[in-house]
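Every heavy atom of this structure was used, including side-chain atoms; hydrogens, water molecules and symmetry mates were not.
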Amino acid sequence: MKAQWTIIFILLFALITAIFAVINVEPVKVQFLFTEANLPLILVILGSTLLGGLIVGLIGITRQFKLSRTVKLLEKQLAEAKSLQAETSVVAPLTAVQSPADSDTQADRLDDAERG
């Protein structure tokens with residue numbers, strides 16, 4: 001639904017820009033870095049809108065490319081972590097060794113809990 005609203009707003013903006021450009025057709029003096037030219041205002045408006053759209057589009061494509069690269073890197077790290085976790089869960093190291101005294105104490109605790 002969000003994509004549909006985005007397309008509607010883009011088309012609405014394009015329509016308003018086109019109407020505005022068609023109304024303004026008088027020639028204007030445009031100064032570039034080293035020269036100047038007399039151009040119809042419609043070309044200046046449409047050219048500026050097109051150039052702005054291209055710049056925003058290139059920035060969006062660049063950002064999307066960086067994000068997809070980051071996602072691939074994170075997916076690779078996740079796969080490595082899962083494989084490492086699978087290896088360590090198969091062979092679990094012994095963390096503590098119980099002495100016979102410890103097992104007697106635990107048995108006494110269980111008996112006390114059942115009686116209690």
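- Atoms CD and CG, on E80 and L84 in that order, are 9.0 Å from each other to the nearest 0.5 Å.
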Name every donor-acceptor pair, under 3.5 Å, that has one atom in a side chain of residues 41-70 and the other anywhere in the protein, sequence neighbours excluded.
unit_1 : atom_1 : unit_2 : atom_2 : d
S48    : OG     : V44    : O      : 2.8
T49    : OG1    : I45    : O      : 2.9
T62    : OG1    : L58    : O      : 2.8
S68    : OG     : Q64    : O      : 3.4
S68    : OG     : F65    : O      : 2.8
T70    : OG1    : K66    : O      : 2.9

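- Here the straight-line distance linking atom NZ of K82 with atom CD of Q85 works out to 9.0 Å at 0.5 Å rounding.
- Through direct or indirect side-chain contacts shorter than 4.5 Å among Ile, Leu, Val, Met, Phe, Trp and Tyr, L78 is connected to no other residue.
- Counting side-chain heavy-atom gaps under 4.5 Å among Ile, Leu, Val, Met, Phe, Trp and Tyr, the cluster of I23 also holds L15, I19.
- Cluster partners of V71, using a side-chain heavy-atom cutoff of under 4.5 Å among ILVMFWY residues and allowing indirect links: none.
- To the nearest 0.5 Å, atom CE of residue M1 and atom OG1 of residue T6 are 11.0 Å apart.
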Using a 3.5 Å cut-off and no angle test, enumerate the donor-acceptor pairs between side-chain atoms of residues 24-35 and protein atoms at least two apart in sequence or in another chain.
unit_1 : atom_1 : unit_2 : atom_2 : d
N24    : ND2    : F20    : O      : 2.8

